[in-house]
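Note sheet for the following structure.
Here is the naming used below: chain letters follow the sequence lines, and residue numbers restart at 1 for every chain.
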2 protein chains.
Amino acid sequence: MPHEQIEASAGPAAASPWDDVAVRLRAGGLRWTPQRRTLIEVLREHEGHVTASELIARCKELDGTTTPSTVYRALDLLEELGLVKHGHGHDGREEYHILPQQVHGHLYCVGCGSTWEIRPETAAVIVDALASQLGFAVDLSHVTISGLCAGCHD
Amino acid sequence: MPHEQIEASAGPAAASPWDDVAVRLRAGGLRWTPQRRTLIEVLREHEGHVTASELIARCKELDGTTTPSTVYRALDLLEELGLVKHGHGHDGREEYHILPQQVHGHLYCVGCGSTWEIRPETAAVIVDALASQLGFAVDLSHVTISGLCAGCHD
DNA sequence: GATCATATCGCGAGGCGTCGCAATAGCGAC
DNA sequence: GTCGCTATTGCGACGCCTCGCGATATGATC
Ligand SMILES: [Mn+2]
Ligand SMILES: [Mn+2]
Ligand SMILES: [Zn+2]
Ligand SMILES: [Zn+2]
């Protein structure tokens with residue numbers, strides 16, 4: 001497969017945020033390892049929300065030697081780089097937002113199990129209320145708020 | 001210790017919600033077991049918020065044979081009776097509110113680790129926003145909202 | 001391409017919470 | 001007081017997540 005490198009580096013291209021992870025890591029004295037490579041590969045396949053378990057499972061498919069603790073640690077790292085953002089589902093389990101564009105809160109209906117993202121306008125009301133009344137800077141994206149959706153109550 | 005029963009039933013007394021748990025359980029075809037008795041005894045000692053682990057530990061002090069799964073199941077039951085209400089801390093772990101008077105939300109500062117209850121006025125804003133905009137009936141007490149307190153940001 | 005400092009890994013153990021199952025024991029009825 | 005139905009328990013196993021530790025391997029330097 002000659003010319004592979006030439007092709008890969010041809011053109012400015014649609015730069016993906018994943019492309020320079022190796023560089024960013026090394027710039028900080030950190031290392032670009034096969035385990036991290038695999039995780040990035042998996043993350044490239046996803047959008048939106050994914051469970052930590054799902055990510056680990058997929059990594060294991062690509063590399064049978066995958067270890068959970070290594071994946072968790074790599075995810076922590078990528079979160080510091082701003083490439084993923086974790087939150088907690090209604091039961092406390094971790095969920096990851098891949099390439100979080102705009103942070104958003106989550107709703108979970110205990111009646112039917114549906115989930116929704118909280119729209120920016122609605123989120124703003126919540127954020128503003130806590131900011132103005134308590135000076136508290138909410139990270140809405142970290143939690144899933146439970147309750148009953150319109151279809152499930154009354 | 002004669003007259004014990006007479007004393008116990010003397011006067012209308014300051015009825016505690018714990019006093020008729022046995023009756024309420026039996027009324028539903030459920031049973032009043034030593035394990036549940038121990039848990040109630042522990043709950044009587046507490047107010048406000050307690051971790052599930054703390055409750056289990058305290059039960060174990062009173063009864064060395066205590067089993068975690070049994071305590072968890074008993075707590076589920078008491079929650080159905082409205083005597084406790086569980087929520088999740090910022091890390092997803094369970095916390096129990098003993099005799100929840102008024103449900104309230106919780107705030108956690110990721111900077112200093114402090115926690116606060118969300119005051120009713122503030123909670124009302126959040127609940128109303130989700131109710132009016134989405135028809136969603138929030139159970140604020142089930143989650144701990146993370147962020148930075150006034151002292152920890154800017 | 002060899003060397004070396006140290007970032008990272010894999011492993012094992014532990015805490016938390018859930019569930020299925022077989023054995024046990026409330027408690028209502030007689 | 002005994003009997004019998006079945007709610008409940010204890011156990012064991014599992015899934016999720018974290019952490020410490022000794023072994024490994026990255027990648028900067030020469
Ligand atoms: Mn919950
Ligand atoms: Mn978290
Ligand atoms: Zn619903
Ligand atoms: Zn703070």
Side-chain angles (χ1 to χ4, degrees), chain A residues 20-40 49-60 62-81 84 86-96 110 113 142 144 146, chain B residues 20-40 49-60 62-81 84-96 110 142-144:
Chain A
D20 60 349
V21 174
V23 173
R24 293 179 66 190
L25 287 178
R26 284 197 270 257
L30 306 180
R31 293 170 187 178
W32 184 234
T33 67
Q35 294 80 0
R36 290 174 183 174
R37 221 183 312 259
T38 301
L39 177 56
I40 299 293
H49 309 127
V50 198
T51 289
S53 307
E54 290 168 343
L55 293 172
I56 292 169
R58 181 67 183 128
C59 282
K60 224 166 248 173
L62 299 188
D63 173 1
T65 73
T66 295
T67 293
S69 57
T70 297
V71 178
Y72 282 113
R73 286 189 281 228
L75 286 167
D76 287 348
L77 197 57
L78 296 180
E79 187 154 8
E80 281 166 22
L81 296 184
V84 302
H86 90 272
H88 295 270
H90 70 102
D91 57 358
R93 269 185 293 199
E94 291 190 338
E95 283 174 10
Y96 280 86
V110 298
H142 188 255
T144 296
S146 300
Chain B
D20 59 350
V21 174
V23 173
R24 293 179 65 191
L25 287 178
R26 282 196 272 256
L30 306 180
R31 293 169 187 179
W32 184 232
T33 67
Q35 294 82 357
R36 291 172 182 175
R37 221 183 313 259
T38 300
L39 177 56
I40 299 292
H49 309 128
V50 198
T51 288
S53 307
E54 290 169 345
L55 293 172
I56 292 170
R58 180 68 183 127
C59 282
K60 224 167 248 173
L62 299 187
D63 173 2
T65 72
T66 295
T67 292
S69 56
T70 298
V71 177
Y72 281 112
R73 286 188 281 227
L75 285 167
D76 287 348
L77 197 57
L78 296 179
E79 188 155 6
E80 282 167 22
L81 296 184
V84 302
K85 169 103 183 65
H86 90 272
H88 296 269
H90 70 101
D91 57 358
R93 269 186 292 200
E94 290 189 340
E95 284 174 11
Y96 279 86
V110 297
H142 188 254
V143 297
T144 296

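- The nearest whole Å value for the distance from the CZ atom in A/Arg24 to the C1' atom in D/dT26 is 20 Å.
- Residues A/Ala74 and B/Arg37 each lie close to DNA chain C; by heavy-atom proximity, the contact nearer the 5' end of the strand is made by A/Ala74.
- Dashed line: the shortest gap from a side-chain N or O of B/Tyr72 to OP1 or OP2 of C/dG17 is under 4.0 Å.
- Remark: P of C/dC19 and CG of B/Asp76 are 9 Å apart, rounded to the nearest angstrom.
- Dashed line: the shortest gap from a side-chain N or O of A/Thr70 to OP1 or OP2 of C/dG10 is under 4.0 Å.
- Rounded to an integer number of Å, the gap from CG of A/Leu39 to C1' of C/dT8 is 14 Å.
- As judged by a 4.0 angstrom heavy-atom cut-off over every strand, B/Gly92 is placed among residues making no nucleic acid contact.
- For C/dA25, the OP1/OP2 oxygens have no side-chain nitrogen or oxygen of B/Gln35 closer than 4.0 Å.
- In this structure, B/Arg93 places its CZ atom 17 Å from C1' of C/dT18, rounding to the nearest Å.
- No side-chain heavy atom of B/Leu78 sits under 4.5 Å from any side-chain heavy atom of B/Tyr96.
- For C/dG26, neither phosphate oxygen OP1 nor OP2 lies less than 4.0 angstrom from any side-chain nitrogen or oxygen of B/Arg26.
- At the heavy-atom level, A/Arg73 lies under 4.0 Å from base atoms of the strands shown.
- Going from atom CG of A/Leu30 over to atom C1' of D/dA25 covers 15 Å, rounded to whole Å.
- Comparing D/dC17, C/dG17, D/dG10 by their nearest atom to the side chain of A/Ser53 picks out D/dC17.
- The shortest heavy-atom contact between B/Leu77 and B/Arg36 is CD2-CZ, 3.4 Å.
- One finds no side-chain N or O of B/Ser69 lying less than 4.0 angstrom from the OP1 or OP2 phosphate oxygen of C/dT18.
- Taking the six-membered ring where tryptophan is involved, the planes of B/His86 and B/His142 are perpendicular, since the angle between them exceeds 60° and thus also 30°.
- If you take CG of A/Asp63 and C1' of C/dG10, they are 12 Å apart, rounded to a whole angstrom.
- Remark on DNA chain C: of its neighbouring residues B/Trp32 and B/Ala52, the 5'-side contact belongs to B/Ala52, judged by nearest-heavy-atom nucleotide.
- Atom P of nucleotide D/dC16 and atom NE2 of A/His88 are separated by 15 Å, given to the nearest angstrom.
- For C/dA25, neither phosphate oxygen OP1 nor OP2 lies less than 4.0 angstrom from any side-chain nitrogen or oxygen of B/Thr33.
- If you check every strand for non-hydrogen atoms under 4.0 Å, A/Arg31 touches a base.
- In this structure, the CD atom of A/Glu54 is 15 Å from the P atom of D/dG15, given to the nearest Å.
- Between A/Ile40 and A/Trp32, the closest side-chain pair of non-hydrogen atoms falls below 4.5 Å.
- Counting heavy atoms from C-beta on, the side chains of A/His88 and A/Glu95 never come closer than 4.5 Å.
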